[in-house]
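Whatever order the structure lists them in is the order used to number ligands and atoms, beginning at 1.
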Amino acid sequence: MGKASKDKRDIYYRKAKEEGWRARSAFKLLQIDEEFNIFEGVKRVVDLCAAPGSWSQVLSRKLYVPAKLSSASRDGDLPLIVAIDLQPMAPIEGVIQVQGDITNARTAEVVIRHFDGCKADLVVCDGAPDVTGLHDMDEFVQSQLILAALTIVTHVLQVGGKFIAKIFRGKDTSLLYCQLKLFFSQVTFAKPKSSRNSSIDSIEAFVVCENYSPPPGFNERDLYHLLERVGTPSGDDDLDCRSGWLEGPNKVYIPFLACGDLNGYDSDRSYPLPSSSEGGSYKSLDPVQPPIAPPYKTALELKKVSSHGIVDIEKLSLNTEL
Ligand code: SAM
């Protein structure tokens, strides 16, 4: 598919380049904010699974840049934004980057250290595994990322704080809802207008958890025991608690909300390109900031080299690891 035809088919992809966002996902966070006002009063944020960085850009533009420009702000008052990903990303003003795996305890420790005894007001997580197309498997791996994010939340989020995470809707959605309700008084599933109903985004939604209020006497080390009292994702159907909690009269109905201006752009529609409708020629913009070390980099380089007839795979993979 040519760049211009992608611009036509995906209005949010085009708008992201025009407005300087690294990825179209920026609009998802902005539309969640329109509905839930998630940035109100926020001074400290963790952005989990942040690369290539469009959510961090939103955090920077909404929180850091205005505070920096305000004459009332001194250095110590500036918002703290910590972003983590497996992949490195190009710098963003006011964003501290940590490269690491959020399922690894050491990554969580590094994040906690950055907060230096303070707690975050907001944790966001747009993490996604490489999708296999096997829906149950993708949903399971995604739920593991959410549990890793929740582990970090229990260490860094202050009481009353908010947690936003991407989910894949499926048979374990009610279970996830019940697990999150143990920690937050308000849990809503949301589908921003910029998240497509067709193609790869179709099962995607976001959970918006408000008012962090862990159970009395909660100890972070007991997280998994506590979650098991509700059930575990995919497979443990013989757990009494799971069938007891979620079926029959206990069946849960999850609050689900479409968000973003309903008169705004529809992500599943094609829109004419601006100047082509007026007879001129349309010039497609380049992406704002391509990933600096994407996992597919080796494959691209191999393709380039093989098209020149020289393939030295061992040497090439050595070079890209450095
Ligand atoms: N929110 C980002 C933005 O707006 O630019 C997009 C995030 S992208 C959809 C998903 C990210 O999750 C990828 O960059 C991937 O590297 C990251 N990811 C997946 N598993 C992870 C893990 N275990 N630890 C850290 N990052 C992870």
Inset, instruction - Could you list the residues that satisfy salt bridge (charged side-chain N to carboxylate O under 4.0 Å, His left out) with Asp138, not counting sequence neighbours? - result: none
Legend entry - Set of residues satisfying salt bridge (charged side-chain N to carboxylate O under 4.0 Å, His left out) with respect to Asp121, sequence neighbours excluded: none
Legend entry - For Glu93, the option from Arg61, Gln57, Lys68 that meets side-chain hydrogen bond (donor to acceptor under 3.5 Å, both in side chains): Lys68
Inset, instruction - Say whether, by atom type as modelled, one donor and one acceptor occur between the side chain of Lys193 and the main chain of Gly264 under 3.5 angstrom. - result: yes
Legend entry - Contact residues of ligand 1, where a non-hydrogen atom lies under 4.0 Å away: Ser25, Cys49, Ala50, Ala51, Pro52, Gly53, Ser54, Trp55, Asp85, Leu86, Gln87, Gly100, Asp101, Ile102, Asp126, Gly127, Ala128, Leu145, Lys166
Legend entry - Listed partners of Lys191 passing salt bridge (charged side-chain N to carboxylate O under 4.0 Å, His left out), at least two apart: none
Legend entry - Six-ring centre of Phe39, Lys62 cation under 6.0 angstrom, axis tolerance 45°: no
